[in-house]
Amino acid sequence: MRKEVVTDSGIEIKPVYTHADSEQFPPPSELPGETPFTRGIQPDMYRGKLWTMRQYAGFSTAEESNKRYHYLLSQGVMGLSVAFDLPTQIGYDSDHPLAEGEVGKVGVAIDSLRDMETLFSGIKLEDVSTSMTINATAFILLAFYVALAKKQGADLGKITGTIQNDILKEYAARGTYIYPPKPSMRIITDIFDWCSKEVPKWNTISISGYHIREAGSTAVQEIAFTLSNGKAYVKAALEKGMDIDVFGKRLSFFFNAHNNLFEEVAKFRAARRMWTAIMKELGATDPKAMMLRFHTQTGGSTLTAQQPHNNIARVTVQTLAAVLGGTQSLHTNGYDEALSLPTEEAARTALRTQQIVAFESGAPDTADPLAGSFYVEALTAEVENKAWELIHKMDAMGGSVPAIENGFMQEEIARSAYAYQRQIESGDKIIVGMNRFSVNESQTIPIFKVDDSIRETQVAKLATLKSERDQSSVIAALQSVRQSAADGTNIMPSVVNAVEQLCTLGEIADTLRSVFGEHR
């Protein structure tokens, strides 16, 4: 007798799906571009415009990352996606003692407006869409970007891009937080409010399931926890008196794509339907404010250090899942990323994977091509039902913030990660090249290495900056940041002024530490 087959979320898969399943789980009646957007957010989807092909890059100094950006743009990338090093993510300048050993390692080091100018040297910000994977210090990086756009003479009304800015998932899954939840949520709503007036095309948050999935969640948990976090951000903005039909249009999401092709497609379709219901319940009336727009990245945690070229096949399956599921933009991982940051060759292969799917596979030729499949429609409904169960549990606790504070999300993710690892170790879950079909191999993949001398370079640049700037202007600007944090006025104007006076990221973050404290 054949054993039971289940998805990674524990949904049992029948040997065959028939018309009877379509009666139990009827396909959505709407067309693509119509609420609740199960079938996609555009009537013609990729016939009208392909997804944005982004490649996530950032390492070493701003000079080195700038070279990679120019290379990627020359190879057909449509949008840039910036990775920042750990000190930048947690609000330390490169000369801080805790930055030692981490400067430029997992992303680019950005200490000041001068670094941002170097990072985008030769790139007109009006001409590119830039996504920045940054959370606790997102408001400072956004201020750097806006200040640079102003120096370039750009029309801020035309600047497009996204800051991740999703702090709740940092408490639940990733850990690069600085301030306690309440002031962190206040900073995020300040960003929503300020951007709606100053940079109206900027996506003010990318509510991220990616890191929840990387931490070991299932597909169902990924969308349940992400949409619940999204609901918390919307409620915080509503409490501040903001118009859901205005700020709702600037919310975006960030999901993972894993190897179970059909569960991933079902996940994306279900998430769109669910978000429309959530926004409608919270008072949205404009369909564009109910629309779930999302970026996808292929699954970093699915890549293996063993037989790394196998990762090209994994990334291809994940690319198809994202495209068949209706993503708006996509980053594909390099095959060597289980070993190091991607080499130029691996980054090019990853981009070519997207381009082959776009121009050779036929997958983008019609909107929602898997719609009406007995299997896909049933799986979409089952993923949705299981995700609602989790959301209702968190709603009963008071929402995402209490669910994180009492450890519910963290425990659920840890339980799933443990169960998945047990399956791999027992052999119930086959990972090709790792626990089955392995070979004796000597490592021949070139490894990308970041030079340890980068910190010295950044420290020298900081010393020069501090010797050349007007110290009295710096002191006044930081005092203004402290005052706006303390009296509850929107912090963004004072932060933009501070970066223009050449205050550093660490100085601004420390000023707010003195007001808000740190989360432990």
Side-chain angles (χ1 to χ4, degrees), residues 9 11 21-48 51 203 205-207 209 219-220 222-235 237-238 243-255 262-296 321-329 366-392 394-395:
S9 297
I11 296 169
D21 296 293
S22 71
E23 290 172 348
Q24 185 184 358
F25 303 109
S29 58
E30 85 271 5
L31 292 171
E34 295 177 357
T35 56
F37 305 110
T38 314
R39 303 197 58 200
I41 64 168
Q42 300 294 343
D44 56 357
M45 283 305 290
Y46 305 128
R47 289 281 282 267
W51 63 93
N203 295 322
I205 193 166
S206 178
I207 304 155
V220 163
E222 179 188 355
I223 61 167
F225 295 157
T226 306
L227 298 184
S228 180
N229 287 349
K231 194 173 176 179
Y233 293 125
V234 172
K235 284 185 168 181
L238 289 171
D243 185 342
I244 191 170
D245 284 327
V246 175
F247 75 80
K249 295 174 189 173
R250 301 270 44 100
L251 305 177
S252 66
F253 289 79
F254 174 26
F255 291 120
F262 295 105
E263 184 176 43
E264 294 300 294
V265 172
K267 175 189 81 178
F268 296 133
R269 297 174 89 244
R272 276 193 295 269
R273 192 154 72 200
M274 293 172 73
W275 185 244
T276 295
I278 287 168
M279 289 297 274
K280 196 176 282 188
E281 181 192 340
L282 291 172
T285 57
D286 188 330
K288 288 188 176 177
M290 305 175 197
M291 199 182 266
L292 185 145
R293 298 167 300 121
F294 67 97
H295 170 69
T296 308
V323 171
L324 295 172
T327 193
Q328 276 59 70
S329 67
T366 190
D368 195 21
L370 297 184
S373 153
F374 299 140
Y375 176 35
V376 170
E377 296 297 355
L379 195 53
T380 300
E382 292 199 58
V383 167
E384 180 181 3
N385 291 340
K386 283 185 172 290
W388 278 127
E389 285 174 20
L390 273 174
I391 287 175
H392 295 328
M394 290 182 285
D395 284 346

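- In this structure, A387 and V220 approach most closely via the heavy-atom pair N-CG1, 3.7 Å.
- At a threshold of 4.5 Å between non-hydrogen side-chain atoms, the residues Q328 and M45 count as touching.
- If you take CZ on F374 and CD on E23, they are separated by 9.5 Å, rounding to the nearest 0.5 Å.
- The two atoms that bring F37 and T276 nearest to each other are CD1-OG1, 3.4 Å, heavy atoms only.
- One finds the CE atom of M291 at 9.5 Å from the OG1 atom of T35 (value rounded to the nearest 0.5 Å).
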Can you list the steps and then say if V234 with I278 is a side chain to side chain contact (heavy atoms under 4.5 Å, CB included)?
-> CA-CA 10 Å; V234 172; I278 287 168; over 6 Å; no
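- When atom types are taken as modelled, the side chain of E377 and the backbone of G372 share a donor-acceptor pair closer than 3.5 angstrom.
- Checked by atom type and distance alone, the side chain of S252 never pairs as donor or acceptor with a backbone atom of I207 at under 3.5 Å.
- Of all heavy-atom pairs spanning R39 and A367, the tightest one is NH2-O, 3.8 Å.
- Of the possible donor and acceptor atoms, none in the side chain of T327 sits under 3.5 Å from a partner among the backbone N and O of A322.
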Pair E30-T38, side-chain hydrogen bond (donor to acceptor under 3.5 Å, both in side chains): steps then yes or no = CA-CA 8 Å; E30 85 271 5; T38 314; 2.9 Å; yes
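- The minimum heavy-atom distance between V323 and Y46, with the atom names listed, is O-CE1, 3.4 Å.
- Residues W388 and L390 have side chains not in contact (no heavy-atom distance under 4.5 Å, counting atoms from C-beta outward).
- Between E384 and the options R273, R272, R269, K267, a salt bridge (Lys or Arg N to Asp or Glu O under 4.0 Å) holds for only R273.
- Ring orientation note: the planes of F253 and W275 are nearly perpendicular, at an angle over 60° on the 30°/60° scale.
- Here the side chain of S9 pairs no donor or acceptor atom with the backbone of I11 at under 3.5 angstrom.
- The CD1 atom of I223 sits 7.5 Å away from atom CD1 of I391, with the distance rounded to the nearest 0.5 Å.
- Using a distance-only test at 3.5 Å, with no hydrogens or angles considered, no donor-acceptor pair links the side chain of E382 to the main chain of T380.
- Atom CG of residue D368 and atom CD of residue Q42 lie 13.5 Å apart, to the nearest 0.5 angstrom.
- Contact check for L31 versus P43: no side-chain heavy atoms found under the 4.5 Å cut-off.
- Using a distance-only test at 3.5 Å, with no hydrogens or angles considered, no donor-acceptor pair links the side chain of E222 to the main chain of F255.
- Between the CZ atom of F247 and the CD1 atom of I205 there is a distance of 10.5 Å, given to the nearest 0.5 Å.
- Atom-to-atom distance recorded for L292:CG and I41:CD1 is 8.5 Å, nearest 0.5 angstrom.
- The backbone N or O of A224 lies less than 3.5 Å from no partner atom in the side chain of S228, so there is not a single donor-acceptor pair.
- A donor-acceptor pair under 3.5 Å is formed between the side chain of D245 and the backbone N or O of D286.
- In plain terms, the two heavy atoms of L227 and A271 that are nearest each other are CD1-O, 4.0 Å.
- Considering every non-hydrogen atom in both G248 and M279, the closest pair reads CA-CE, 3.9 Å.
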T296 vs F268, side chain to side chain contact (heavy atoms under 4.5 Å, CB included): CA-CA, chis, key distance, verdict = CA-CA 10 Å; T296 308; F268 296 133; 4.1 Å; yes
